[in-house]
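Remarks on the structure that follows.
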Amino acid sequence: MFVRRRPHLREKVTLITGANGEVGHGLIQHLYALQDASDVVVLDLRGLDDSMRGMVNRVIVGDILDNELINLLLNEYEIDTIIHLAALLSTHSEFNPETAHRVNVQGTINLLKLAIEQGKSRGLPVKFIFPSSIAVYGMPDLETKARVTAVKEEDFLYPITMYGCNKLYCEHLGRYYAQYYQQLSASRSLGVDFRCVRFPGLISAQTLPTGGTSDYAPEMLHAAIRGKPYACFVREDARIPFMMMPDAIKSLLMLADAPQEQLNHYVYNVTSFSLTAQEIAERVQQNFPDAQITFEPDTARQAIVDSWPADIDDSAARREWNWSPEYDADRAFSEYLIPIITELASHEK
Ligand code: AKB
């Protein structure tokens, strides 16, 4: 008697790259709390912190530059969404621009190609969620930065960092893979459903970022709560937009869930509020009067922050997919940062 075998069904999953970074942690914890992480496969050079391994379907320790690994993912899974977080941030990237280019650009191309191949085998475009950054902007001088506050998506796109150049180029690659990939070929592939948010400086109560240039804000706060002195590497008047990590996660998931027919853009600014370094220090000192914060600007890192806009215009995201942040500056400090970091720091003692 012949037994009819069921064909091997590939598991349907969401792939998150760079999952062991700040945004990855926030995203996985959020999805897990919603009981929505069981189909999540994560890929990170460093694996995933022990405390979080059980939250996801599978942890793959590996490199987005490894083509064999990309092929393995292609064959083993049916990936319907890729959230591509893996990247070297702006300060790190300046120390090794060519490595940054490989990771930030070639890594993104590898994932876009994976999305194209998956789309072919599924007959449906893969959603590709990509966090870009205010680093794509390059304000020409401080006078312009002060005058033009809410910068739109298409303005001042002259990044001065490798990371900013990489992110801007990847935004274009996303548009290309969505709309023009193999445009001259007789059998054109289905494109990728590319969706991108440009983040401001992100601040998490749970983790400290590494390798960014907006890191002075979270570093100032985490140091104060632990009673450590902090020398801020930008001037008091340095002003850029910021967002709390829960809002960053919210924006990624809102954009991923938005009906495609509502989206008229590939790239959307998202922001919450803008503060100067001095205003952040004052808010920290209101809560921790003993905080020892000094300003010792580092000329090169200051120049990077000066090139980023003071504020960005996120009206397209608000209009097209109802984006709005939960946390303004007051709520960010009183309801999120101060209580959570204080609680975490108390366990360290
Ligand atoms: C960085 O500082 O590199 C990042 C960013 C603004 O994208 N936080």
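Here, residue 1 is the first one in the sequence, and each next residue gets the next number. Counting starts at 1 for both ligands and their atoms, following the listed order.
- Within ligand 1, the atoms closer than 4.0 Å to a non-hydrogen atom of Thr213 are 1 (C), 2 (O), 3 (O), numbered from 1 in the order shown.
- Relative to the six-membered ring of Tyr181, Lys113 misses at least one condition, a distance below 6.0 Å or an angle of at most 45° to the axis.
- A cation-pi arrangement, defined by a distance under 6.0 Å to the six-membered ring centre and an angle within 45 degrees of its axis, is present between Arg198 and Tyr137.
- In this structure, Arg301 is positioned above the aromatic face of Phe233, its NZ or CZ under 6.0 Å from the six-membered ring centre and within 45° of the axis.
- Those atoms of ligand 1 that come under 4.0 Å of a heavy atom in Ser90, given as number and element, are 1 (C), 2 (O), 3 (O).
- Using a 4.0 Å cut-off between heavy atoms, Tyr163 contacts ligand 1 through its side chain alone, with no backbone atom that close.
- Here the closest heavy-atom approach between residue Gly18 and residue Asp44 is recorded as C-OD2, 3.1 Å.
- For the atom pair Met254 CE and Asn322 CG, the distance stands at 5.5 Å (nearest 0.5 Å).
- Considering backbone and side-chain atoms alike, Ser133 places an N or O below 3.5 Å from some N or O of ligand 1.
- In terms of protein heavy atoms, atom 4 (C) of ligand 1 is closest to Ser214 OG, 3.9 Å.
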